[in-house]
Amino acid sequence: MPGSEPDTLPQDDPLRHEQRHLSESRAALRRMRDHAASLEGHGAGADHVSTQHLRQVLFRRMKSLEDDPTVPLFFGRLDYDAELGADHDERLYIGRRHVTGETGGDPLVVDWRAPMSLPFYRAKPGDPMRVRLRRRFGFSSGQLTAYEDEELAKPQTELHSRILEAEIERPRTGPMRDIVATIQPDQDVIVRADLSHSLCIQGAPGTGKTAVGLHRAAYLMYAHRDQLSRSGVQVIGPNDNFLSYIGDVLPALGEIDATQATFSTLVSKSTGFMITGDDPVPAALIKGDPRMAEVIARAVWGHLGTATSPLVVPRGAHQWRVAAYLANEMLDELRRRGVRYTAGRTMLPQRLAHQVLIKMEAAGDSPDDRVQNSVAKSKPVKAYADELWPAVDPAKLILRLLTDAAFLAEAARDILDDVEQKTILLDKPPRTPKSAKWTLADLALIDEAADQLNRTPSLGHVIIDEAQDLSAMQLRAIGRRASTGSVTVLGDLAQATTPWATRSWQDSLRHLGQPDAEISELVEGFRVPGSVIDFAARLLPVIAPALTKPRSVRRSRGDLELRQTDDLDAALAAAVVDAAEREGTVGVIVPDAAIPRLRALLEQHAIRYDLLGDVPPAFETRVDLVPAALAKGLEFDHVVLVEPAAIVTGEPDEITGLRRLYVCLTRAVTSLAILHTDPLPALLR
C-alpha cells in the first residue's frame with residue numbers, strides 16, 4: 001500500500017500522478033460552480049413563477065457543486081479492460097459527484113451512482129465485471145496519501161483491503177458521515193434496488209442500515225430524478241437528535257431535495273396541533289391498535305343521513321321535486337364508489353341537481369351545465385345535501401370519540417370492548433380541540449380521520465428508520481404518504497423499545513400498505529467491534545430469539561471493559577477523561593433518571609459535554625451525555641455505559657428494558673467501558 005507525503009515523491013511516482021488528478025478535479029469543480037454562479041445573474045424567466053423556479057434550480061445546482069476540502073472528491077479508480085469485455089480500455093475515478101473536464105470531454109470523476117461505477121462495489125475475482133484493476137485511495141484531511149490495488153482479472157483468494165478497513169474504523173467527530181467509499185456488495189444491492197421495489201431491512205447493530213437507507217435515497221434521486229423531483233423523497237427518523245446526527249449525509253452526496261422529519265413533526269404539521277400530552281401505556285396501546293382505523297371509519301361515515309322527505313327546488317314558476325328514494329340511491333351509489341368523505345359531499349349536490357335537470361327536460365325545457373351548477377349551488381339543494389351528508393372536522397371527531405361515551409360505544413361496537421373504550425375516554429374532557437392536550441397517539445388518530453375525509457398526498461419514496469418502534473396506526477399514517485410510491489423500512493426487532501413496537505416485519509408492512517415488500521437481513525457488522533457485539537448478543541435469546549446472531553467482520557476485536565466499583569462517580573469521571581484522551585467521539589450513556597446528578601458530576605470535573613435531548617445537538621464537543629432513551633440510532637467511537645441494571649429497570653417491563661440495554665451496549669465503534677455498582681443483569685454475567 002504505497003503512501004507518502006506529496007512533496008517527497010519522485011515525479012514519476014504513481015501517487016504523485018493521482019494527486020495531480022485530484023488537483024485537476026478540484027479545479028474543474030470550481031469552474032463548474034463558477035459557471036453555475038454566472039448563470040444565476042441571468043436567472044429571469046418569462047414570468048415571476050418561472051423566474052422563481054429557475055432561481056431554485058440554479059440554487060440547487062450551486063449547492064450540489066460545493067466542495068468540502070476535508071473530503072476527497074474521489075475515493076477509487078476502475079481500469080476497464082477491452083480484453084475483459086469492455087468497449088475499450090478506460091480509466092474512471094469514482095467519487096461523490098460527477099466532475100467534467102475543462103474541454104467537456106471525458107469526466108474527471110464519475111458519480112458513484114452511475115452504472116459504470118457499479119464494479120467498484122461488486123466486482124470480485126472470478127467476476128471482474130470487465131474491470132482489470134480496482135484502486136482504493138487513502139486520504140487524510142482531503143489529501144490523497146496512499147493507494148491500494150486489487151487485480152480483479154487474476155485468480156485470488158478472498159480480498160482484504162487495509163484502506164477499506166481503516167476507513168470503516170476511522171474515528172468520527174460530530175454527525176454521521178457518508179459511507180460511499182465503503183459500501184459492501186450486500187449493501188449495494190439494497191442501495192441500487194429499483195424505485196418500484198419496496199424493501200424492509202432487518203439490520204443488526206453496526207451493519208450500516210441507516211447509512212444504507214440514506215445512500216438509497218441519494219441513488220434513487222439520481223436514477224429517477226425527473227420522477228422524484230415531482231413526487232418527493234422523505235426520510236422519517238425517531239427523534240430530532242437522530243435527524244441532526246444524519247443531517248449532513250445527503251448534502252455531502254450533493255442531494256438537498258430529500259426532506260427529513262420525525263413522526264411527531266409529520267403529524268403535527270398535517271393536523272395543525274402540537275403534542276402537549278402523554279398517554280398512559282394502556283391507552284396508548286389501544287390508540288395505536290389497527291382496530292382504531294375501523295372505529296374512525298365508522299364514526300366518519302356514520303354521519304351520513306337517510307332522506308325521509310323529497311327535495312323541493314323552486315325555480316321560476318315551477319317547483320321541482322326529487323323523491324327521497326332517489327336521494328338515498330345517490331348516497332348508496334357514492335358510498336359504493338369508495339370516494340373519500342369530502343369528495344362524496346362535494347358530488348352529492350351535483351347529483352341532486354342533475355335529477356332536477358332531468359325533470360326540466362321531461363317538461364320541455366333545455367337546461368345546460370350552467371343551469372345544473374346554479375341548481376347545485378341553490379340554498380334548497382345545499383341545505384338538503386348538508387343534512388344528508390354533513391361536514392366533519394377530523395379533530396372534533398376524534399375529540400368526540402375520546403369524550404363522548406355513547407358516540408364511542410356506537411362507533412366501537414363489536415370492535416373495542418367496554419374496558420378498552422373506558423381506557424381511552426378522557427377523565428376531564430376539554431371544551432375545544434384547541435384546548436385539548438393532544439398526545440402523539442391522538443395526532444395519529446386525527447391523521448387517520450383526515451384521510452377518511454380527503455386522500456393524503458403520496459410521495460415517490462419514503463425511508464423509515466427505527467421502524468420497529470412504530471405502532472400500527474403510526475405505520476398507517478406513514479403508509480398513506482407512500483400509497484402510490486415505495487418505501488425502504490429500516491430497523492431491528494431486537495431494538496424495539498416501545499410498548500406498541502412491532503412483533504414482526506410482516507405485520508408492519510401490512511399496516512404500511514406494502515405487504516409484498518422484500519424483507520432482507522443484514523447481520524455482518526462493520527462498525528461495532530466483535531467483543532462488544534458478542535457481549536451484547538447474550539441478550540438475544542430473550543429479546544429476539546428468532547433473529548440471526550450478528551457477527552463483526554472487523555479484524556480488530558475492540559476494547560471491552562467491565563468495572564464494578566463502590567465509587568461510581570470517581571470511576572465515571574476517570575473513564576470519561578481517559579476516553580476523551582483517545583481519538584474520536586465519546587458517548588456517556590446513562591439511565592434517564594441519573595442525568596441531573598451526572599451533569600453536575602461532569603461540570604464538577606470541568607468536562608465539556610453536550611446533553612442530548614435539550615435541543616438538537618450542535619456536536620461542538622467530543623463528549624455527549626446521552627439519556628438511554630435517546631441512544632438509539634447513534635454511535636460513538638468510545639462509550640462509557642453506566643449502571644446497566646438501572647437502564648433495564650427504568651422501562652415498564654423487563655423485555656423492553658433488556659432491549660433498551662441492547663441498544664445502549666451496541667453504540668460503541670472502538671471501545672466500551674461498563675461501570676456499575678449494582679450487579680449486571682443475569683444474561684450478561
Side-chain angles (χ1 to χ4, degrees), residues 263 267 270-271 273 277-306 331-332 334-342 344-345 389-427 429-430 433 436 438-456 469-480 483 498-504 506-515:
F263 181 78
V267 290
S270 71
T271 63
F273 294 101
D278 288 307
D279 279 310
V281 169
L285 286 170
I286 298 170
K287 291 178 180 180
D289 192 292
R291 293 175 297 161
M292 285 301 299
E294 301 177 60
V295 174
I296 291 169
R298 188 183 288 177
V300 169
W301 292 97
H303 284 78
L304 292 187
T306 301
L331 292 177
D332 292 341
L334 288 171
R335 284 290 282 125
R336 287 196 303 271
R337 287 187 58 183
V339 298
R340 289 299 198 268
Y341 186 91
T342 301
R345 176 174 155 77
W389 205 307
V392 174
D393 177 88
K396 290 180 179 178
L397 177 87
I398 298 303
L399 186 60
R400 188 179 174 194
L401 279 174
L402 299 178
T403 58
D404 186 334
F407 183 62
L408 176 60
E410 178 62 26
R413 186 180 67 256
D414 301 325
I415 301 175
L416 302 179
D417 63 32
D418 293 344
V419 174
E420 290 172 318
Q421 293 176 35
K422 186 176 180 180
T423 300
I424 63 174
L425 283 169
L426 299 176
D427 295 330
W438 296 112
T439 67
L440 179 62
D442 292 335
L443 296 193
L445 299 182
I446 296 174
D447 193 79
E448 179 81 30
D451 186 69
Q452 286 286 330
L453 301 177
N454 297 285
R455 186 180 299 276
T456 304
D469 280 339
L470 296 170
S471 72
M473 293 301 288
Q474 291 171 340
L475 289 165
R476 284 178 60 86
I478 295 172
R480 287 191 285 275
S483 59
T498 58
W500 46 84
T502 187
R503 296 184 179 182
S504 79
Q506 289 83 357
D507 288 345
S508 293
L509 293 170
R510 189 175 66 255
H511 298 315
L512 277 168
Q514 302 280 351

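Positions are given from 1 along the sequence. As a basis for the values below, the full set of heavy atoms in this structure was taken, side chains included, without hydrogen atoms, waters or symmetry mates. Keep in mind it's a predicted model, so treat the numbers as computed, not measured.
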side-chain hydrogen bond (donor to acceptor under 3.5 Å, both in side chains) partners of [X], counting only residues at least two apart:
X: Asp278; value: none
X: Thr271; value: none
X: Arg345; value: Asp386
X: Asp279; value: Lys287, Thr439

Intermediate values then yes/no, side-chain contact (heavy atoms from CB on, under 4.5 Å), Leu416 and Gln421: CA-CA 6 Å; Leu416 302 179; Gln421 293 176 35; 3.9 Å; yes

Donor-acceptor contacts under 3.5 Å from residues 294-305 side chains, at least two apart:
unit_1: Arg298; atom_1: NH1; unit_2: Ala411; atom_2: O; d: 3.3
unit_1: Arg298; atom_1: NH1; unit_2: Arg413; atom_2: O; d: 2.7
unit_1: Trp301; atom_1: NE1; unit_2: Gln452; atom_2: OE1; d: 2.9
unit_1: His303; atom_1: ND1; unit_2: Ala299; atom_2: O; d: 2.9
unit_1: His303; atom_1: ND1; unit_2: Val300; atom_2: O; d: 3.1

I need the minimum non-hydrogen distance between [X] and [Y], along with the two atoms involved.
X: Pro430; Y: Leu426; value: CD-CD1, 3.9 Å
X: Val281; Y: Pro499; value: CG1-CB, 3.7 Å
X: Phe273; Y: Ala395; value: CE1-CB, 3.5 Å

Arg291, CZ: over 12 other non-hydrogen atoms inside 6.0 angstrom: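 Yes, CZ of Arg291 has more than 12 neighbouring heavy atoms, counting only those of other groups under 6.0 Å.
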
Positive for side-chain contact (heavy atoms from CB on, under 4.5 Å) with Met473, one of Leu445, Asp289, Leu443: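 Checked Leu445, Asp289, Leu443 against Met473; only one passes side-chain contact (heavy atoms from CB on, under 4.5 Å): Leu445.
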
Ionic contact status for Asp451 with Arg476, cut-off 4.0 Å: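 No, this pair does not count.
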
With Lys396 via side-chain contact (heavy atoms from CB on, under 4.5 Å) - residues at least two apart: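 For Lys396, the residues satisfying side-chain contact (heavy atoms from CB on, under 4.5 Å) (neighbours in sequence not counted) are Asp393, Pro433.
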
Any donor-acceptor pair under 3.5 Å from Trp500 side chain to Leu470 backbone: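 Looks like no, no N/O pair under 3.5 Å.
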
Donor-acceptor pair, side chain of Glu420 and main chain of Asp417, under 3.5 angstrom: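 Side chain of Glu420 to backbone of Asp417, a donor-acceptor pair under 3.5 Å: yes, one is there.
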
Derivation and outcome, side-chain contact (heavy atoms from CB on, under 4.5 Å), residues Met292 and Ile424: CA-CA 11 Å; Met292 285 301 299; Ile424 63 174; 4.3 Å; yes

Audit row: Asp507, Arg510, salt bridge (Lys or Arg N to Asp or Glu O under 4.0 Å) steps and yes/no: CA-CA 5 Å; Asp507 288 345; Arg510 189 175 66 255; 3.1 Å; yes

